[in-house]
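One structure below.
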Amino acid sequence: EQCDDGNITNSDGCSSTCQREQVADTTPPSVPTGLTAAAVSSSQINLSWAASTDNVGVTGYKIYRDGSLVFSLQSSVFSYSDTGLSASTAYSYTVSALDAAGNASAQSATVGAATQAPAPVSGDADGDRDVDMDDLDIVVNNFGKQTGFDSRADLNEDNQVDIQDLGIVGKNFGRLP
């Protein structure tokens, strides 16, 4: 006779444990959907997506950047911040879901985002991303002018090249982004 606890009681009253056949989980989770990528700085892109489903349970996600695995999340987190990226650079992303048996879903649809341009360096009159003698020359050669000056020399944008502009170069001289 079959008991509620899965044991079998035979005619002489002895009990033995049922041997249930273990069925391997071969079903992968659903493909993650709704993947979005948003650049939040010159070195960071934030990703988010909708939860995947699985017949047993989703245990984590794999994040791919430009086709290469960059991170595995071993939890039910549906977002990731990709940091340490290069400024003004485009990246593409996909995500796949994992279950406890090691089954992986197919990768999501690809989304892309480009990191933001780096912040300008104050005092960089010539736009070459550093403050050096070239920037000082631009300000000095236009110093004292209120009209007809090189607009790059008016670093504080007060419509004249004066000691304040020279001070900005001096304060940031040698500075790189």
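Residues take their numbers from the sequence shown, with the count starting at 1.
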From [X] [atom1] over to [Y] [atom2], what is the distance, rounded to the nearest 0.5 angstrom?
X      : Y      : atom1 : atom2 : result
Ser43  : Gln116 : OG    : CD    : 9.0 Å
Ser72  : Leu98  : OG    : CG    : 6.5 Å
Ile168 : Asp124 : CD1   : CG    : 12.0 Å

Exercise. Counting heavy atoms not belonging to Glu157, are there more than 12 under 6.0 Å from its CD?
Worked result: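 No - once you tally the heavy atoms of other residues, nucleotides and ligands closer than 6.0 Å, there are 12 at most.
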
Problem set entry | Arg65 with Asp82: basic N within carboxylate O range, under 4.0 Å |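 Yes.
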
Exercise. What about Tyr64 and Tyr93, are their ring centers closer than 6.0 Å?
Worked result: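 No.
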
Exercise. Do Trp49 and Tyr61 make the cut of ring centroids closer than 6.0 angstrom?
Worked result: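 Judged by ring-centre distance (under 6.0 Å), Trp49 and Tyr61 do meet the cut-off.
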
Nearest heavy-atom pair of [X] and [Y]: which atoms, and what distance?
X      : Y      : result
Ser88  : Ala117 : OG-CA, 3.2 Å
Asn156 : Gln160 : OD1-O, 4.4 Å
Ala109 : Leu35  : O-CD2, 3.8 Å
Ala125 : Asp135 : N-OD1, 2.9 Å

Quick check: does any side chain N or O of [X] sit under 3.5 Å from a backbone N or O of [Y], one acting as donor and the other as acceptor?
X      : Y      : value
Asp134 : Ile138 : no
Asp66  : Tyr91  : no
Asp154 : Asp158 : yes
Ser41  : Gln44  : yes
Asp130 : Asp132 : no
Thr115 : Thr89  : yes
Ser30  : Thr53  : yes

Exercise. Does the side chain of Phe149 reach to within under 4.5 Å of the side chain of Thr147, using non-hydrogen atoms?
Worked result: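 Not touching, per the 4.5 Å side-chain cut-off.
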
Exercise. With sequence neighbours excluded, what pairs up with Asp25 under the side-chain contact (heavy atoms from CB on, under 4.5 Å) test?
Worked result: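 side-chain contact (heavy atoms from CB on, under 4.5 Å) check on Asp25 returns Thr27, Asp54, Asn55, Val56, Asp99, Ala101, Asn103.
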
For this session: Mind running side-chain hydrogen bond (donor to acceptor under 3.5 Å, both in side chains) on Ser105 and Ser96 for me, showing each step along the way?
Result: CA-CA 5 Å; Ser105 72; Ser96 67; 4.8 Å; no

